[in-house]
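Report on the structure given below.
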Amino acid sequence: MNEFLKKQKHFKKIRNILITLSAVYVLVYIGAEPYIAKAGLTSSPFQIVMFALVGCSLAVLFLYEARYAKAEAFLNDVNAEISDAGYYYTSRSETDVNAFTKEVINDIKLMGYKCTVDCDIKDLNFDIAAQKGSEFVYLTALTDVERNDIIAYLDSALFDITSNRMRSKGNAVIVFVCNRADGGAKALSKTISKTFTGKRVLNIGIAIAELESSKVYFRGNEPSVIQKLVAELILKCDLPIDGKYIGAEKLQSQLELKERLENFNLADFKKGKYYER
């Protein structure tokens, strides 16, 4: 992965230099062209150089976008996932699932969200579905949370936002309050689901409050609306997140993902190998 990023960084530097050089040359040519014509000189050689620079710039830009841009965006996202803490601690004192859920719902209401309590979306029950502008919070209380639960509730929340609420951009967090969560669910808590509609992006994060261990699993190392919502509602702390709320260990899934990406290559990326979780 590091070798790929180094090569990509050099290529990106060359691209930027070439584009800058082409832009400067075009501006200089536009300014100098009247004086060249006034002096009775032909501007053809200068035009040839200009078209050559612009053509090379477009070719390099197209090559970068086609070959490296998606891989770079993916690796930046994965790097954030790998570098994040394995878990966080909540300062809430409730250890019972129902009591914890009740307190979070009360706080959501106090924050001015439009709330629907105890609602069913695509045959799945949410204790609350809340919206304020382009921010969305979904919460469900379960005894145990597995990987398939995350996938099913994510699909339901996405359906509610895009089909029921007719929104194509914003930030949402799905909170699972439980006694225990398995490794697959914890691994998915480090991912951010992105749905693109043109230039509009809908980001959906997962937060798991595992009360048996008082640990919270979510992507917490990037300043974002999702980080803010989880910090305020689940960790019950201010931003930036204080070190006392940050766990010292990594998840096994983070370590495995880092190892799997050590020999990152474009061929496997295009096959979708690295998207597997």
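This one's a predicted model, so the numbers in the text were calculated from it and none came from an experiment. For the single chain, residues carry numbers from 1 onward in sequence order.
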Derivation and outcome, salt bridge (Lys or Arg N to Asp or Glu O under 4.0 Å), residues K190 and E81: CA-CA 6 Å; K190 294 300 175 181; E81 182 179 340; over 6 Å; no
Looking only at heavy atoms, which two atoms of [X] and [Y] are closest? And how far apart?
X	Y	result
T116	C119	CG2-CB, 3.7 Å
I82	K258	CD1-CA, 3.7 Å
N125	T140	O-OG1, 3.2 Å
I108	A130	CG2-CB, 3.6 Å
N203	K194	OD1-NZ, 3.0 Å

side-chain contact (heavy atoms from CB on, under 4.5 Å) with I208: of Y87, F218, Y217, only one passes, and it is Y217
Shared hydrophobic cluster, [X] / [Y] (ILVMFWY, side-chain heavy atoms < 4.5 Å):
X	Y	answer
I174	V201	no
I105	I121	no
V117	L124	no
L139	V173	yes

More than 12 heavy atoms of other residues, nucleotides or ligands under 6.0 Å from [atom1] of [X]: is that the case?
X	atom1	result
K228	NZ	yes
K132	NZ	yes
R165	CZ	yes

Between [Y] and [X], do the side chains contain a donor N or O and an acceptor N or O under 3.5 Å apart?
X	Y	result
N179	D144	no
S168	T197	no
S224	N171	no

Mind checking the [atom1]-[atom2] spacing from [X] to [Y]? Nearest 0.5 Å is all I need.
X	Y	atom1	atom2	value
I192	I204	CD1	CD1	10.0 Å
I161	S156	CD1	OG	11.0 Å
I19	L58	CD1	CG	8.0 Å

[X] vs [Y] side-chain heavy atoms within contact, under 4.5 Å:
X	Y	value
F136	D160	no
V216	I234	yes
I151	L188	yes

In chain order, what residues pass the ring pair (Phe, Tyr, Trp, His ring centres under 6.0 Å) check against F176, with sequence neighbours excluded? Y153
Within the distance-only criterion (no hydrogens, no angle test), does the side chain of Q254 pair as donor or acceptor with the backbone N or O of D84 below 3.5 angstrom? yes
Just do the salt bridge (Lys or Arg N to Asp or Glu O under 4.0 Å) check on R219 and D77 with the steps written out, would you? CA-CA 11 Å; R219 173 87 71 82; D77 184 64; 3.3 Å; yes
Can you sort out the partners of E94 under side-chain hydrogen bond (donor to acceptor under 3.5 Å, both in side chains), two or more places apart, ordered by chain and number? none
Residue set satisfying side-chain hydrogen bond (donor to acceptor under 3.5 Å, both in side chains) with E146, at least two apart, ordered chain then number -> none
Go through the steps for K236 and E103 under the test salt bridge (Lys or Arg N to Asp or Glu O under 4.0 Å), then give the verdict. CA-CA 11 Å; K236 201 65 176 175; E103 289 303 311; over 6 Å; no
